[in-house]
Amino acid sequence: YQEQVPLRLYQEGEDEAYLYKLHLIEELKEALESEHSPLFMNYQPKLNLNTAKVDKLEALIRWINKEGQFVNPELFVDLAEKAGLIVTLTRWVILQVIQQVEQWNKMGYQFKVSINLSAQDIQHDEFIDYLLAIVKSHNVATTQITLELTERDIADNEALVVARLSHLKALGFAISVDDYGIGQSSLAKLKTLPVDELKIDKTFILTLDQSQADQDIVASTISLGHKLGMSVVAEGVENKASLALLNDFKCDYAQGYYLSRPVTADKFIQWYKTYES
Ligand code: C2E
Ligand code: CA
Ligand code: CA
Ligand code: CA
């Protein structure tokens with residue numbers, strides 16, 4: 001009668017990382033319930049290359065933990081997905097962003113703001129009702145809100161997700177495909193999706209000015225997006241040369257550190273006022 005073999009052999013580094021993740025999950029749960037939340041939203045402008053104006057923003061979550069350190073959003077969003085916290089986190093994000101948009105509207109700024117979703121959000125049966133209720137109670141037009149999802153999020157349960165996206169689009173929300181080009185991109189599929197905006201992944205944009213291959217890929221992705229009736233956004237624009245290339249390629253929007261890093265709502269408005277003047 002053989003002794004059972006442990007599934008995982010003990011490895012010090014791995015074990016520590018595992019405990020750290022468990023700890024983060026517990027702290028994130030607390031953060032989501034806390035009244036003085038250590039979570040907050042940052043906003044990053046998307047520059048309209050046709051008008052040279054900033055009329056869209058992306059909302060990005062930030063978390064400063066108890067040790068006063070920023071936790072990487074990619075890390076804690078991923079943990080939230082695995083720990084079943086993402087629907088709660090996204091609801092928190094939606095409320096914050098819609099309140100912010102309402103406040104900006106009252107100040108006379110009519111920005112279109114995008115919110116990042118996970119596969120579980122869009123598949124959740126109360127998602128659309130929740131989003132609509134928040135939008136309505138804050139007098140925000142559905143057309144002011146864009147929902148960003150990756151191809152992978154869409155592929156996860158495609159028939160359901162496509163039906164949900166069509167419904168959201170019919171309600172006036174805009175749909176954006178995030179991180180385009182790095183997934184299992186299928187052009188045939190893209191054609192059938194109810195999508196308004198295509199965001200070219202930053203891996204193609206960061207080195208755009210130095211790579212002919214990236215320039216070829218980006219130029220053809222932009223013309224593909226246009227043929228499919230989509231607005232095309234390039235994210236990860238870090239320098240003037242890349243911005244100039246995107247202008248040449250007739251890209252619709254540019255987003256990146258060259259323009260502005262993601263910043264708090266107040267800092268964004270300060271930046272916006274100087275930018276527009
Ligand atoms: P993403 O949706 O692809 O967001 C774009 C990321 O690129 C952001 O990282 C942004 O800060 C970064 N970025 C923007 N411009 C530049 C640039 O010029 N150069 C470089 N190197 N990076 C640039 P961030 O804020 O760290 O977020 C990472 C990821 O975490 C996001 O990728 C998204 O997948 C996730 N995330 C962030 N906020 C939220 C949220 O509120 N909800 C959900 N579900 N996911 C979020
Ligand atoms: Ca995004
Ligand atoms: Ca994502
Ligand atoms: Ca992205």
Side-chain angles (χ1 to χ4, degrees), residues 28 31-32 37 39-47 54 56-64 69-101 112-124 127 131 145-154 156 174-183 185 195-209 214 218 221 232-243 246 253-265 267-268 271:
L28 182 59
L32 286 166
S37 185
L39 299 162
F40 59 98
M41 299 312 295
N42 266 356
Y43 296 87
Q44 188 179 35
K46 296 180 184 173
L47 174 66
V54 167
K56 294 192 190 183
L57 307 171
E58 177 173 9
L60 294 155
I61 195 167
R62 295 291 179 263
W63 177 22
I64 298 178
Q69 310 273 2
F70 276 95
V71 185
N72 180 346
E74 227 155 341
L75 171 67
F76 74 82
V77 167
D78 181 63
L79 283 179
E81 285 171 356
K82 289 177 177 144
L85 293 173
I86 193 67
V87 169
T88 309
L89 184 141
T90 301
R91 285 183 174 216
W92 186 90
V93 169
I94 288 171
L95 183 58
Q96 302 301 311
V97 173
I98 303 292
Q99 283 174 340
Q100 187 59 64
V101 173
K112 230 176 147 157
V113 182
S114 64
I115 294 173
N116 288 284
L117 299 183
S118 295
Q120 291 170 54
D121 297 313
I122 192 79
Q123 291 182 41
H124 195 270
F127 174 75
L131 179 64
I145 304 300
T146 299
L147 303 166
E148 293 190 8
L149 285 126
T150 65
E151 292 167 282
R152 190 195 251 178
D153 293 328
I154 295 169
D156 197 45
I175 311 297
S176 174
V177 172
D178 205 354
D179 303 347
Y180 182 75
I182 55 164
S185 320
V195 164
D196 307 276
E197 181 182 279
L198 198 59
K199 289 189 84 171
I200 305 176
D201 191 74
K202 59 176 174 286
T203 54
F204 302 104
I205 309 296
L206 290 172
T207 50
L208 187 66
D209 57 321
D214 284 345
V218 169
T221 304
V232 182
V233 181
E235 69 177 8
V237 180
E238 292 193 351
N239 56 58
K240 199 175 178 173
S242 299
L243 184 64
L246 292 164
Y253 281 87
Q255 178 182 354
Y257 295 169
Y258 179 66
L259 226 78
S260 167
R261 290 191 173 248
V263 291
T264 59
K267 279 211 178 129
F268 165 71
W271 174 89

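Sequence positions, counted from 1, serve as the residue numbers for this chain. Both ligands and their constituent atoms are indexed starting at 1 by order of listing.
Contact annotation for D121 and ligand 1: no heavy atom of the residue comes within less than 4.0 Å of the ligand. Of the heavy atoms in L206, only side-chain atoms (C-beta onward) come closer than 4.0 Å to ligand 1. Contact annotation: for V237 versus ligand 1, heavy atoms closer than 4.0 Å belong to the backbone alone. Under 4.0 angstrom from ligand 1, the non-hydrogen atoms of E235 all belong to its side chain. Residue-level proximity to ligand 1 for N116 is carried by backbone and side chain together, each with a heavy atom below 4.0 angstrom.
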Self-check item: Candidate pair R62 and L39, rule side chain to side chain contact (heavy atoms under 4.5 Å, CB included), full reasoning
Solution: CA-CA 6 Å; R62 295 291 179 263; L39 299 162; over 6 Å; no
Self-check item: side chain to side chain donor-acceptor pair (under 3.5 Å) evaluation trace for N116 with E58
Solution: CA-CA 8 Å; N116 288 284; E58 177 173 9; 2.8 Å; yes
Quiz item: When you look at K46 and K199, which way does the side chain to side chain contact (heavy atoms under 4.5 Å, CB included) test go after all the steps?
Solution: CA-CA 11 Å; K46 296 180 184 173; K199 289 189 84 171; 3.9 Å; yes
Exercise. Evaluate side chain to side chain contact (heavy atoms under 4.5 Å, CB included) for V77 paired with I61, printing each intermediate quantity in order.
Key: CA-CA 9 Å; V77 167; I61 195 167; 4.3 Å; yes
Exercise. Mind running side chain to side chain contact (heavy atoms under 4.5 Å, CB included) on Y257 and V237 for me, showing each step along the way?
Key: CA-CA 6 Å; Y257 295 169; V237 180; over 6 Å; no
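Residue contacts with ligand 1: Y258 is placed with no nitrogen or oxygen under 3.5 Å of a nitrogen or oxygen of the ligand (distance criterion only). Residue R62 has at least one N or O atom closer than 3.5 Å to an N or O atom of ligand 1. Ligand 1 has an N or O atom lying under 3.5 Å from an N or O atom of D178, backbone or side chain.
Contact atoms of ligand 1 toward D179: 3 (O) (distance under 4.0 Å to a heavy atom of the residue). Near S118, the atoms of ligand 1 lying under 4.0 angstrom from a non-hydrogen atom of the residue are 44 (N). The K202 neighbourhood of ligand 1 comprises atoms 6 (C), 7 (O), 22 (N), with distances under 4.0 Å to a heavy atom of that residue. Counting the atoms of ligand 1 from 1 in the order shown, those under 4.0 Å from a heavy atom of E58 are 2 (O), 4 (O). Per-residue contacts place E74 under 4.0 angstrom from the following atoms of ligand 1 (heavy atoms of the residue considered): 30 (O). Atoms of ligand 1 lying under 4.0 Å from at least one heavy atom of P262, given by number and element, are 11 (O). Heavy-atom contacts of E238 reach the following atoms of ligand 1: 17 (C), 18 (O), 19 (N), 20 (C), 21 (N) (cutoff under 4.0 Å). Those atoms of ligand 1 with a heavy atom of V93 less than 4.0 angstrom away are 41 (O).
Listed by chain and number, D178 OD1, D179 OD1, E235 OE1, E235 OE2 are the protein N/O/S atoms closer than 3.0 Å to the Ca ion (ligand 4), with waters left out.
Scored by the ring-ring contact (aromatic ring centres under 6.0 Å, His included) test, W92 finds no partners at all (sequence neighbours excluded). Residues passing the side-chain contact (heavy atoms from CB on, under 4.5 Å) test with E74, sequence neighbours excluded: N72. Residues that satisfy the side chain to side chain donor-acceptor pair (under 3.5 Å) test with T146, not counting sequence neighbours, are absent from this structure.
Closest to atom 45 (N) of ligand 1 by heavy atom, among T150, V77, L259, is V77. Residue nearest to atom 15 (N) of ligand 1, selected from Q44, Q255, K199: Q44 (by heavy-atom distance). The option with the heavy atom closest to atom 41 (O) of ligand 1, from among I61, L149, L89, is I61.
Inspection of the D179 and T150 side chains reveals no N or O donor paired with an N or O acceptor under 3.5 Å. No hydrogens or angles considered: a donor-acceptor pair under 3.5 Å links the side chains of D214 and T207. Side chain to side chain, Q255 and Q44 meet the donor-acceptor criterion of an N or O pair below 3.5 Å.
Of the inter-residue distances, the one linking T88 atom OG1 with L28 atom CG reads 9.5 Å to the nearest 0.5 angstrom. Interatomic distance, Q96 CD to R91 CZ, rounded to the nearest 0.5 Å: 14.5 Å.
A salt bridge is absent between R261 and E238; no separation between the charged side-chain nitrogens and carboxylate oxygens falls under 4.0 Å. Comment: E148 does not engage K56 in a salt bridge, judged by the lack of any side-chain N to carboxylate O separation of less than 4.0 angstrom. Under a 4.0 Å N-O distance rule, the pair K82/D78 qualifies as a salt bridge.
Y258 does not carry K240 over the face of its six-membered ring by the limits of under 6.0 Å from the centre and within 45° of the normal.
No heavy atom of R261 sits closer than 4.0 Å to any atom of ligand 1.
Put simply, S176 stays out of reach of the Ca ion (ligand 2), with no N, O or S atom under 3.0 Å from it.
No other N/O/S atom of E58 lies as close to the Ca ion (ligand 2) as OE2 does.
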